[in-house]
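Reviewing the structure listed below.
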Amino acid sequence: MAAPERSTAAAKTGLIDRVGPHLPSPFEGDQEAAWIEVIRKMDEVYADLLRYETDLEEKNTALEEAQAFISSVIESVSDILIVCDRNGVVLQVNPAAVRLLGSPADALLARSLGELVDPADRAHIDALLRAPSAAETVALEIRFVTATGLSDLYAINGATRSDPAGARVGTVLTGRPIGELRRAYEALHTAHSELQRAQRQLVEQEKMASLGRLVAGVAHELNNPISFIYGNIHTLERYRERMSAYLTAIHHGADPAEVDRLRRELKIDALLADYASLIEGTLEGAMRVSDVVKNLRRLSFPKSGETLRVDVDRVVRTAARWAARAKPGHVALDFDIAPDVAVIGNEGQFHQIIVNLVDNALDAVRGQTEPRIEIAAKRHGGDVVITVADNGAGFADGLIDKIFEPFFTTKPVGEGTGLGLWISYGIAREHGGTLAASNRPGGGAVFTLTLAAA
Ligand SMILES: Nc1ncnc2c1ncn2[C@@H]1O[C@H](COP(=O)(O)OP(=O)(O)O)[C@@H](O)[C@H]1O
Ligand SMILES: [Mg+2]
């Protein structure tokens, strides 16, 4: 029989000694073999045990490392983190939450989440704890009750915590302060509203300014026929006096020689010959006044958005003349308007574009030796193309891209608002048309307005 191998387990139990060669073996035959088998098994079990222990130690080390990693992550997170069970009882908080709430972590554990938030927000917290589905994240804005009173506003995300089987076991809250962000946003919002208000005010100012130009133009336009009528009426009054003196003499039975003398002295024949043209001139003046008033009414009466057939020739001439009248100095206006062209649109707005373009052209030609503005209109397929060209300095390099921007102006403060072209561009676009600018080959600027033909 082979001697059993000495093994650690056998040595520890001292069995080997007892089966040593000096003593008579208490076992015989099969019995001894059974014992050896038992010892061998024990050795195996012991070896397994040792292996398991090493494994366990390794796993434990890994577990500790993982836990340390998770803790370090949780602690370094600047957002607050609160973990609750299904009933909203706090199970864990991170240092950020401890700092916010101002009590030690131990004092927070086992408290109810509802107690930690502003009473006004408790209903939100209850709803969060009852969040319908595990997949859903609930976003809230709440304040916490801290050691020093209510906290700033916090944006909170609440996510459901589930067990491996997917059953809901609680809620995890993460959050960060948004008070600062909210205040910044509100400041931004206020600034934006103020800007919008300022912009509206400036647009109103520009409208008032163009109304001012319109009124000045109309005043000059009316001045001419009215002074004409005024002069004629004065002459008619003098004629009436002479006529009255002449007729009174006749009615009092003056002799023919006397009547003849008076007739020559009072220039009765010339007076009679002049009557017709005086009255005709006065009527013409009155008609001019009436035309101006009619044009004005057309500008002011269309309801906003009302589109009608607009006679290009009449509106372009009136607008250009009125704009020119509103500014001092003489500028040659040259019209080349094809007969019977009309566009569909709002007459007042169409008039406003032409006034703006002519007004700019008048500024551009100021100081030129022979200031000239050429206005043309013609049909081009289904469109009417209107051009306003001047012999000013044109646009400097890179300027054309900017002139349609609101508030872009190269004019001194008080003279330019930089809104005329922006408003005109907007009107053209609202009418489905376009407004473009370019330099003329021979110098000066040209604006091209394209609108759908009526
Ligand atoms: N006919 C033109 N010739 C040269 N520059 C022009 C002409 N029309 C407009 N501009 C330029 O475009 C700018 C913007 O015009 P606009 O929007 O009408 O504002 P504003 O006339 O108040 O300056 C003007 O300041 C000027 O620099
Ligand atoms: Mg302008």
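What you see is a predicted model; the values in this text were computed from it and never measured.
- T171 places a side-chain heavy atom less than 4.5 Å from the side chain of L173.
- A heavy-atom distance below 4.5 Å is not found between the side chains of I125 and L116.
- Here the CG atom belonging to N232 is positioned 8.0 Å from the OG atom belonging to S277, to the nearest 0.5 angstrom.
- Not one N or O on the side chain of D334 forms a donor-acceptor pair closer than 3.5 Å with the backbone of I373.
- Remark: E141 engages R182 in a salt bridge, criterion side-chain N to carboxylate O under 4.0 Å.
- The backbone N or O of V343 lies less than 3.5 Å from no partner atom in the side chain of H431, so there is not a single donor-acceptor pair.
- How far OG1 of T282 is from CE of M287: 12.0 Å, rounded to the nearest 0.5 Å.
- Between Q352 and V355 there is no side-chain heavy-atom pair separated by less than 4.5 Å.
- How far CG of D311 is from CD1 of I337: 9.0 Å, rounded to the nearest 0.5 Å.
- How far CG of N157 is from CG of L140: 8.5 Å, rounded to the nearest 0.5 Å.
- When atom types are taken as modelled, the side chain of S290 and the backbone of A286 share no donor-acceptor pair closer than 3.5 angstrom.
- L108 places a side-chain heavy atom less than 4.5 Å from the side chain of L101.
- A donor-acceptor pair under 3.5 Å links the side-chain atoms of D390 to the main chain of G392, judged by distance alone.
- At distances below 3.5 Å, not a single donor-acceptor pair connects side-chain atoms of D121 with backbone N or O atoms of H124.
- E284 CD: 12 or fewer foreign heavy atoms inside a 6.0 Å radius.
- Scanning both residues, A323 and L362, for their nearest heavy atoms gives O-CD1, 3.5 Å.
- Looking only at side-chain heavy atoms (C-beta outward), I423 and I353 stay at 4.5 Å or farther from each other.
- Ion pairing of R51 with D48 is present here, as a side-chain N (NZ or NE/NH1/NH2) and a carboxylate O approach within less than 4.0 Å.
- Around atom CG of N60, more than 12 heavy atoms belonging to other residues, nucleotides or ligands sit under 6.0 Å away.
- Under the 6.0 Å distance and 45° angle rule, R317 counts as a cation-pi partner of F335.
- Aromatic ring centroids of F395 and F447 lie under 6.0 Å apart.
- Summarising the local packing, CZ of R86 is surrounded by 12 or fewer heavy atoms from other residues, nucleotides or ligands at distances under 6.0 Å.
- Rounded to the nearest 0.5 Å, atoms OH (Y425) and CZ (F404) are 7.5 Å apart.
- Using a 4.0 Å cut-off between a side-chain N of Lys or Arg and a carboxylate O of Asp or Glu, R40 and E44 qualify as a salt bridge.
- Checked against a 6.0 Å centroid threshold, the rings of H220 and W322 do not count as neighbours.
- Few gaps surround OH on Y239; more than 12 heavy atoms of other groups in view lie less than 6.0 Å from it.
- Among the candidates T434, T450, L451, the single residue satisfying the side chain to side chain contact (heavy atoms under 4.5 Å, CB included) test with V385 is T450.
- Salt bridge status for E405 with K402: absent, with no side-chain N to carboxylate O gap under 4.0 Å.
- No more than 12 heavy atoms of other residues, nucleotides or ligands sit less than 6.0 Å from atom CD of E370.
- You'll find the side chain of I74 reaches within 4.5 Å of the side chain of Q92, heavy atoms only.
- Within the 3.5 Å criterion, the main-chain N or O of Y185 finds no donor-acceptor partner in the side chain of H189.
- Within 6.0 Å of atom NZ in K411, more than 12 heavy atoms from other residues, nucleotides or ligands are found, so the atom counts as buried in its surroundings.
- A salt bridge links R440 to E374: at least one charged side-chain nitrogen sits closer than 4.0 Å to a carboxylate oxygen.
- Salt bridge status for K327 with D363: present, with a side-chain N to carboxylate O gap under 4.0 Å.
- Side-chain contact between E347 and L308 is absent, with no heavy-atom pair separated by less than 4.5 Å.
- Counting heavy-atom neighbours within 6.0 Å of E237 CD, excluding the residue itself, gives a total above 12.
- Here the side chains of L419 and L202 are in contact, with some heavy-atom distance below 4.5 Å.
- With respect to the salt-bridge test (charged N to carboxylate O, under 4.0 angstrom), the residues R183 and D152 qualify.
- Between K59 and D55 there is no salt bridge, since no side-chain nitrogen of the basic residue lies less than 4.0 Å from a carboxylate oxygen of the acidic one.
- By the 6.0 Å contact criterion, CZ on F407 is enclosed, its count of non-hydrogen atoms from other residues, nucleotides or ligands being greater than 12.
- Atom CD1 of I386 is separated from atom CD1 of I375 by 10.0 Å, given to the nearest 0.5 angstrom.
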